[in-house]
Amino acid sequence: MAALQPDTPTWYSALRRAALAWYGRHARDLPWRRLSDPYAIWVSEVMLQQTQAATVEAYFPRFMARFPRLADLAAASEREVLRAWEGLGYYRRARELWRAARHVVEHYGGEIPRTRELLEQLPGVGPYTAGAILSIAFDQREPILEANTRRLWARLLDWRQPLHGRHSQQRLWRAARCILPRREAGRLNQALMELGSRVCTPRSPRCHECPLARWCAAYQQGSVHLVPRQRARPPTQRVRHAAAIVWNRGRVLLVQNPANGRWPGLWDFPRAVVHDGTEPRQQLRQELRRRFGVAVHAGPLLLRMTHTVTRYRIALDCFLLLHRRGTLGRKGGERARWVAVGELETYPLSATGRRIARHVARQMAHDAALPLS
DNA sequence: TACACGTGGTT
DNA sequence: TAACCAAGTGT
């Protein structure tokens, strides 16, 4: 059983058998693996985009309890869907899933399409998600390629070229197709992803536990640490933001973000980018007047935090500002509202926005710090 | 093609 | 601490 020639039928066959056997012993008991409903598989796959399984475990059951069937999701409001997605990130996924569900109900009578071509026409469904749905939910012989299997295949093939680029992509997709069994392709696809995430990890892979090691070209060549070659990432940028907690007789000002850009469709406390040398309170006052026609008194710094969004490290100062006058003129066409503190929990916010909201609510309960007018 | 999009886990 | 990374997709 010495090293077979990579990329041959016997090589794929050996990998396939070993991967399935390993999976039989090591598969995690994840909530979506207990389900066969194609809609549930779809939801899980969208949640899993760029998101680790451990994170999704907390969201998936709640979401499915809230929207048990495709028709329930399609009938829901965007706001309800975003509220169920709150904290998961990449909120465009939620909006697209919702749009896609409505499309399926309207155009396909609620039946999820079973071809790659039609699936990929749905918003939020790309090559990976289509392959996952077809193989896992419909038992079709369709390949998948994502972060785990991309790294796995690069090592199995000792593929030393950068992974981005057309040539590499074609090579890896072909491998993903070649290994597929006639039946239970979904099970094999999941086995490969699980191997990639638990054994063939980015740094310090556990080659000595790996059931595929003896057929792994990079392992045999001692080049595992060289593969895959990743693209250099743009450096993190440091940014200062200021958030306004505009207090108006038990209510605060909330703004809805536009459909494109950051946190689309979610609500947020009004924010301003603070440039060097400018006074954050002053800037917030100006923007509140310009954007909403609201005049405020400057109040104290209530909360400081730091959070990362994509490649921005954001230092956020949250100021309490007391409403003086003004009635939300829609100067920029922005959607803004006064929201009672008790109603904040019904609004979909970003993880950061929720943190601020919790702080405000806690201060309210304590009373003291927030002067009432 | 390269970049934007969120958040939390891992090293 | 900070960089790296994640069951990708849309533009």
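All heavy atoms count here, side chains included; hydrogens, waters and symmetry mates do not. Labels below follow one simple rule: chain letters A, B, ... track the order of the sequence lines, proteins then strands, and each chain is numbered from 1. Because the structure is a prediction, the values reported are computed rather than measured.
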Query raised in the report: Among the nucleotides C:dC5, B:dT7, C:dA7, which one has an atom lying closest to any side-chain atom of A:Q230?
Result: C:dC5
**Report entry** Electrostatic pair A:D276:A:R240 at N-O distance under 4.0 angstrom
**Finding:** no
Query - Test of ring centre spacing under 6.0 Å for A:H297 and A:W247 - result: no
Query raised in the report: For C:dG8, does either OP1 or OP2 sit under 4.0 Å from a side-chain N or O belonging to A:Q49?
Result: no
**Report entry** Side-chain ion pair, A:E194 and A:R33, N-O less than 4.0 Å
**Finding:** yes
Report task. For A:A54 and for A:Y90, find the nucleotide of DNA chain B with the closest heavy atom, then tell me which residue's nucleotide is more 5'. Result -> A:Y90
Report task. Verify the contact: side-chain N or O of A:R92 to OP1 or OP2 of C:dG10, cut-off strictly under 4.0 Å; return yes or no. Result -> no
Query - Spacing of A:R355 atom CZ relative to B:dG6 atom C1', expressed in whole Å - result: 11 Å
Query raised in the report: Across the strands shown, which category fits A:T129 at heavy-atom distances under 4.0 angstrom: base, sugar-phosphate, nothing?
Result: sugar-phosphate
**Report entry** Distance between P atoms of C:dT9 and B:dG8 (Å, rounded)
**Finding:** 22 Å
Query raised in the report: Atom CG of A:L192 to atom P of C:dA7: distance rounded to whole Å?
Result: 13 Å
**Report entry** Minimum-distance nucleotide (side-chain atoms of A:R203 versus C:dA3, B:dT7, C:dG8)
**Finding:** C:dA3
Report task. Report yes if a side-chain nitrogen or oxygen of A:R313 is closer than 4.0 Å to either non-bridging phosphate oxygen (OP1 or OP2) of B:dT7; otherwise report no. Result -> no
Query raised in the report: Hey, does A:W32 reach any base, or is it just sugar-phosphate, or nothing, if we go heavy atoms under 4.0 Å?
Result: base
**Report entry** Sugar-phosphate, base or nothing in reach of A:P123, heavy atoms under 4.0 Å
**Finding:** sugar-phosphate
Query - d(CZ, A:R198; C1', C:dA6) in whole Å - result: 15 Å
Query raised in the report: Touch check for A:V125, heavy atoms < 4.0 angstrom, all strands: base, sugar-phosphate only, or nothing?
Result: sugar-phosphate
Query raised in the report: Is A:Y91 near enough to B:dT7 that one of its side-chain N or O atoms lies under 4.0 angstrom from OP1 or OP2?
Result: yes
Query raised in the report: Base, sugar-phosphate, or nothing: which does A:A351 touch, judged by heavy atoms less than 4.0 Å apart?
Result: sugar-phosphate
Query - Comparing A:S350 and A:H164 on DNA chain B - which has the more 5′ nearest nucleotide - result: A:H164
**Report entry** Most 5' of A:Q50 and A:R233 on DNA chain C, judged by nearest nucleotide
**Finding:** A:R233
Query raised in the report: What is the distance from CG of A:L163 to C1' of C:dG8, rounded to the nearest Å?
Result: 15 Å
Report summary line: The side-chain contact (heavy atoms from CB on, under 4.5 Å) partners of A:E209 (sequence neighbours excluded) come to A:R206
**Report entry** Minimum-distance nucleotide (side-chain atoms of A:R231 versus B:dA2, B:dT7, C:dA7)
**Finding:** B:dA2
Query raised in the report: Can you list the residues that meet the side chain to side chain donor-acceptor pair (under 3.5 Å) rule with A:T278, with sequence neighbours excluded?
Result: A:Q283
Query raised in the report: Do the ring planes of A:H107 and A:H103 sit parallel (below 30°), tilted (30 to 60°) or perpendicular (above 60°)?
Result: tilted
Requested in this report: Please evaluate the base of C:dT9 for a donor-acceptor partner in the side chain of A:R93 within a cut-off of under 3.5 Å?
Outcome: no
Requested in this report: Remember a base hit wins even if backbone is also touched, and classify A:P127 as base, sugar-phosphate or nothing at under 4.0 Å, heavy atoms.
Outcome: sugar-phosphate
**Report entry** Length of the OH-P vector between A:Y59 and C:dA6, whole Å
**Finding:** 20 Å
Query raised in the report: For B:dT1, does OP1 or OP2 lie under 4.0 Å from any side-chain N or O of A:R166?
Result: no
Report task. Round to the nearest Å and state the distance from A:Q169 atom CD to B:dT1 atom P. Result -> 9 Å
Query raised in the report: Over how many whole Å does the gap from A:L266 atom CG to B:dT7 atom C1' extend?
Result: 13 Å
Report task. Could you tell me whether A:R33 contacts a base, only the sugar-phosphate backbone, or nothing, with contacts defined as non-hydrogen atoms closer than 4.0 Å? Result -> base
Report task. May I ask you to say what A:G87 touches in the nucleic acid, namely base, sugar-phosphate or nothing, with a heavy-atom cut-off under 4.0 Å? Result -> sugar-phosphate
Report task. State, without any angle test, whether A:T236 and A:R311 hold a side-chain donor-acceptor pair at a distance under 3.5 Å. Result -> no
Requested in this report: Measure the distance from CE on A:M193 to P on C:dA6 and round it to the nearest whole Å.
Outcome: 14 Å
Requested in this report: Report yes if a donor N or O on one partner sits less than 3.5 Å from an acceptor N or O on the other, where the partners are the side chain of A:T51 and the base of B:dG6; otherwise report no.
Outcome: yes
Query raised in the report: Can you find a side-chain donor-acceptor pair between A:T346 and A:R79 that sits under 3.5 Å?
Result: yes
Requested in this report: For B:dC3 and C:dA7, measure between their P atoms and round to the nearest Å.
Outcome: 23 Å
Report task. From the options B:dC5, C:dA3, C:dA6, select the nucleotide whose nearest atom is closest to the side chain of A:R262. Result -> B:dC5
Query raised in the report: Any side-chain N or O of A:W42 less than 4.0 Å from the OP1 or OP2 oxygen of C:dA7?
Result: no
Query raised in the report: Hey, does the side chain of A:T236 come within less than 4.0 Å of C:dA3's phosphate (OP1/OP2), counting only N and O?
Result: yes
